Amino acid sequence: MKKLLPLLLAVVLMTGCSQTPKEVERALSLRSKLLQANSCTFDAEITADYGETLHVFRMNCTADPQGGVTFQVTAPESIAGITGQVSKQGGALTFDDTALYFDLLADEQLSPVSAPWVLIKALRGGFITSAGMEDDELRFSVNDSYEDDALNLDVWLDSGDIPQRADICYAGKRILSLKLENVQIS
């Protein structure tokens, strides 16, 4: 009997680990689509939460096959037309007479304009830590690195497994929110 106990325990543990909940499978399916896609385009309304103030702006975004994101700010009108790109290597902004400035978040490591890139990076390779249904949407959580300064994301998918919104959290506090529209993965 003592010899069978470790074998039974191993079988139980391996059986439990081999089962993937349907919700996690849906999140992994989205990841697979993004990793195989030539591009992913979307419009994002981004809200940066600085505690006492909120900054809201809109961007048109395109993610490339390597996970880099190019964007154009569309609102508010005072900063519309500013373009930029963000990738693992860094980022750049292009503008004429208008400068784009937001205070950094997450202990000075994150700019609000990099929120779409953080979302794409996490969807393409972050650690899915939980998943479940919330009303008619799938909500899953992603940890971007498991480092001490990790960003955690909550992402909501509609019934067609298209991202609708996401929250980016740091140190247990939501710092950025994204509402997504016109998401096309091709």
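For clarity, every value in this text was computed on a predicted model and none was experimentally measured.
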Chi angles and distances behind the side-chain hydrogen bond (donor to acceptor under 3.5 Å, both in side chains) call for Ser87, Gln89: CA-CA 5 Å; Ser87 69; Gln89 289 77 30; 3.1 Å; yes
Partner of Leu110 by side chain to side chain contact (heavy atoms under 4.5 Å, CB included), out of Leu104, Leu151, Asp149: Leu151
Atom of Leu153, atom of Leu119 and distance for their closest heavy-atom approach: CD2-CA, 3.8 Å
Nearest atoms (heavy-atom pairs only) where Tyr50 meets Pro112: OH-CG, 3.3 Å
Pairwise side-chain contact, Met133 with Lys22, heavy-atom cut-off 4.5 Å (strictly under): no
Member of Val24, Leu28, Val155, Asp154 meeting the side chain to side chain contact (heavy atoms under 4.5 Å, CB included) criterion with Phe140: Val155
Worked verdict on Asp49 versus Ile175 for side-chain contact (heavy atoms from CB on, under 4.5 Å): CA-CA 5 Å; Asp49 187 345; Ile175 57 173; 5.5 Å; no
Steps toward side-chain contact (heavy atoms from CB on, under 4.5 Å) verdict (Leu30, Ile185): CA-CA 10 Å; Leu30 173 61; Ile185 301 171; 3.7 Å; yes
N/O donor-acceptor pair under 3.5 Å between Arg124 side chain and Pro65 backbone: yes
Counterpart residues, ring pair (Phe, Tyr, Trp, His ring centres under 6.0 Å), relative to Phe42 (two or more places apart): none
Ser141 side chain near Asn152 side chain, heavy-atom distance below 4.5 Å: no
Minimum heavy-atom distance Thr129-Val142, with the two atoms named: OG1-N, 4.3 Å
Heavy atoms from other residues, nucleotides or ligands near CD of Glu134 exceed 12 (cutoff 6.0 Å): yes
Shared hydrophobic cluster, Ile162 / Trp156 (ILVMFWY, side-chain heavy atoms < 4.5 Å): no
Intermediate values then yes/no, side-chain contact (heavy atoms from CB on, under 4.5 Å), Leu178 and Arg165: CA-CA 5 Å; Leu178 296 91; Arg165 57 192 169 106; over 6 Å; no
Distance, nearest 0.5 Å, that separates CD of Glu108 from CG of Leu105: 8.5 Å
Gln85 versus Phe71, closest heavy-atom pair with distance: N-CE2, 3.8 Å
Leu35 CG to Leu123 CG distance, which is reported to the nearest 0.5 Å: 10.0 Å
Test item: Ile46 and Leu176 side chains (from C-beta on) under 4.5 Å apart, heavy atoms: yes
Heavy atoms from other residues, nucleotides or ligands near NZ of Lys88 exceed 12 (cutoff 6.0 Å): no
From Gln72 atom CD to Thr62 atom OG1, the distance as rounded to the nearest 0.5 Å: 10.0 Å
Distance, nearest 0.5 Å, that separates CD1 of Ile120 from OG of Ser114: 13.0 Å
Glu25 side, atom CD; Asp161 side, atom CG - distance, nearest 0.5 Å: 11.0 Å
Met59 to Pro116 - nearest heavy-atom pair and separation: CE-CG, 4.1 Å
Gap separating the CZ atom of Arg31 from the CD1 atom of Ile128, nearest 0.5 angstrom: 4.5 Å
Exercise: identify the closest heavy-atom pair between Cys40 and Val183: SG-CG1, 4.4 Å
Lys33 NZ: over 12 foreign heavy atoms closer than 6.0 Å: yes
